[in-house]
Amino acid sequence: MTEAAKGTREGKQRKRSQMKEIWRRMRRNKLAMAGLSIVVVLILVAIFADQIADYDTQVIRQDVMNRYQGPSAEHWCGTDELGRDIFARLVHGARISLLVGVAAVCVALATGGVLGAIAGYFGGAIDNIIMRIMDVFLSIPILLLAIMIVSALGSSMINLMLAIGLASMPTFARVVRASVLSVKDQEFVEAARAIGAPNAHIIIRHIVPNSLSPIIVQATLRVATAILSTASLSFIGLGIKPPSPEWGAMLASGRGAMRDAPHVVVIPGLVIMITILALNLLGDGLRDALDPKLKR
C-alpha cells in the first residue's frame, strides 16, 4: 500500500472516529435527542403528507355544514371556519413551513457565507466594506426587512424564501467571517499558500471544511427563525396565500373564533411552538457536541 493510500485511509478513519465521538456526546444530551426526534418526525410527515392526508378532499374541499367541530375520531384536530380538516392542513402545512425554512437558510448561507468568507480571508478594505454593509442590514429588524422585501417583490413562496433568506444574510456573514479568521492563519493554510494554491481553492478546500461546526449550528437555529418568520408574515397577510395550508395563515384565519372554537388557534399555535422548540434544542445540542472544549 502506497503512502498516499495509507494517508487517505487514516484520514477516513479519523473522520469516522470524530463522527462517533460527536454522536456519543449528542446522545448524552436528552433534550437534544428529543428535539432531533421531533424534527425527524416532522420531516417524515412532510415527505409522506400525501399518503397521510389527501390534499383535495381533506385540505382544500370546504364543508361549511361541519365547520368549527371539535376534535373527534373523524377529525383528530377538529375543523376550521370552512369545515376543512385541521389535522390534514397541519400535515401539508409542515411541508410548506419546512421547505420555506430550509430554502431561506440556504439563500442566507449562500449569500452571507460567501461574503463572510471573502471578508475574513482577504481582510483590509474588502473586509471593512462588506461588514459595514452587513451592519446596515443588521440595523433593521429581520421581520421588518422581510416585510419590506416581500412588499417590494410581491407575495409568493419564492419571494418569501428570498426575503427571509436575505434578511438572515448578515448573521451568516458574521459567523462565517469569524470562523475564517480563526482558521486562515493555521499551518495547513500557510502550507497551501506556500505551494501556490489559488485563493478560491484555499477557501473552498481548506478553510470552509474546517469552519463548518459553527455554521451547522447557526443554520439549525436559523431554520427555526425562518419558520417563525414565515408564520408571522402569513399571519399579517404577506406570506403564503390561501387556500394553501400554512401554519401562520391558519392562525390568522381562526383568530376571529378563538372564544367559540379555541382549537382552531390553539392547535396550530402548539405545532409552531413545538417545532421551534425542537429546532432550538437540536441546535443547542449540536453546539455542545461539536464544541471540542466540551469533550469529556
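Side chains included, hydrogens not; waters and symmetry mates left out as well; all remaining heavy atoms used.
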Is [Y] reachable from [X] through a run of hydrophobic residues whose side-chain heavy atoms are each under 4.5 Å from the next?
X: V150; Y: L144; answer: yes
X: I140; Y: I147; answer: yes
X: V105; Y: I96; answer: yes
X: L281; Y: V102; answer: no
X: I204; Y: V180; answer: no

| Between R95 and D50, does at least one N-O distance fall below 4.0 Å, as a salt bridge requires? |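 So R95 pairs with D50 through a salt bridge.
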| query | Going by an N to O cut-off under 4.0 Å, is there a salt bridge joining R61 and D54? | reply |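 Looking at R61 and D54, the cut-off is not met.
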Can you tell me how far the [atom1] atom of [X] sits from the [atom2] atom of [Y], to the nearest 0.5 Å?
X: T79; Y: H263; atom1: OG1; atom2: NE2; value: 5.5 Å
X: L277; Y: N280; atom1: CG; atom2: CG; value: 7.0 Å
X: L166; Y: N159; atom1: CG; atom2: CG; value: 10.5 Å
X: L90; Y: T275; atom1: CG; atom2: OG1; value: 9.5 Å
X: I52; Y: F87; atom1: CD1; atom2: CZ; value: 6.0 Å
X: I129; Y: M134; atom1: CD1; atom2: CE; value: 12.0 Å

| field | side-chain contact (heavy atoms from CB on, under 4.5 Å) between Q218 and T171, intermediate numbers included | value | CA-CA 9 Å; Q218 186 64 34; T171 303; 3.1 Å; yes
| task | Report the residues that fulfil ring-ring contact (aromatic ring centres under 6.0 Å, His included) with H75, sequence neighbours left out, ordered by chain and then residue number. | result |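 H75 satisfies ring-ring contact (aromatic ring centres under 6.0 Å, His included) with no other residue.
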Do the side chains of [Y] and [X] get nearer than 4.5 Å, heavy atoms only?
X: T225; Y: S168; answer: no
X: S232; Y: I236; answer: no
X: I272; Y: L251; answer: yes
X: F122; Y: D127; answer: no
X: R132; Y: N128; answer: yes
X: M131; Y: R174; answer: yes
X: L221; Y: L279; answer: no
X: V264; Y: M250; answer: no

| Taking it one step at a time, do L282 and M33 satisfy side-chain contact (heavy atoms from CB on, under 4.5 Å)? | CA-CA 7 Å; L282 177 59; M33 293 304 297; over 6 Å; no
What's the shortest heavy-atom distance between [X] and [Y], and which atoms?
X: D80; Y: I86; result: N-CG1, 3.8 Å
X: R89; Y: S244; result: NH2-O, 3.8 Å
X: D85; Y: E74; result: OD1-O, 4.1 Å
X: I227; Y: S97; result: CG1-O, 3.6 Å
X: E81; Y: R67; result: O-CD, 3.2 Å
X: V217; Y: G283; result: CG1-O, 3.6 Å

| said: If you count every heavy atom of other residues, nucleotides or ligands that lies below 6.0 Å from F137 atom CZ, does the total exceed 12? | reply: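 Atom CZ in F137 is not packed in, count stays at 12 or less.
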| query | For atom CZ of R193, is the number of surrounding heavy atoms from other residues, nucleotides or ligands below 6.0 Å larger than 12? | reply |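 More than 12 within 6.0 Å, yes.
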Give a yes or no on whether the backbone of [Y] and the side-chain of [X] come within a donor-acceptor separation of less than 3.5 Å.
X: S182; Y: S179; value: yes
X: K184; Y: I207; value: no
X: W76; Y: P71; value: no
X: Q62; Y: V64; value: no

| request: State which residue, out of Y55, W247, F48, fulfils the ring pair (Phe, Tyr, Trp, His ring centres under 6.0 Å) condition with H92. | output: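 For H92, the ring pair (Phe, Tyr, Trp, His ring centres under 6.0 Å) check succeeds only for Y55.
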| message | Parallel, tilted or perpendicular: which one describes the rings of H206 and H201, with boundaries at 30° and 60°? | response |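 Perpendicular, since the angle between the ring planes exceeds 60°.
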| request: Before giving the answer on side-chain contact (heavy atoms from CB on, under 4.5 Å), spell out for L233 and I164 the whole-Å C-alpha distance, their side-chain angles and the decisive distance to 0.1 Å. | output: CA-CA 10 Å; L233 289 172; I164 298 174; 4.2 Å; yes
| query | Is R255 positioned over the aromatic face of F235, cation under 6.0 angstrom from the ring centre and no more than 45 degrees off axis? | reply |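 Geometry flag: set, cation within 6.0 Å and 45°.
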| task | Give the C-alpha distance, both sets of side-chain angles, the deciding distance and a yes or no for side-chain contact (heavy atoms from CB on, under 4.5 Å) between L115 and M169. | result | CA-CA 9 Å; L115 292 174; M169 174 182 63; 4.1 Å; yes
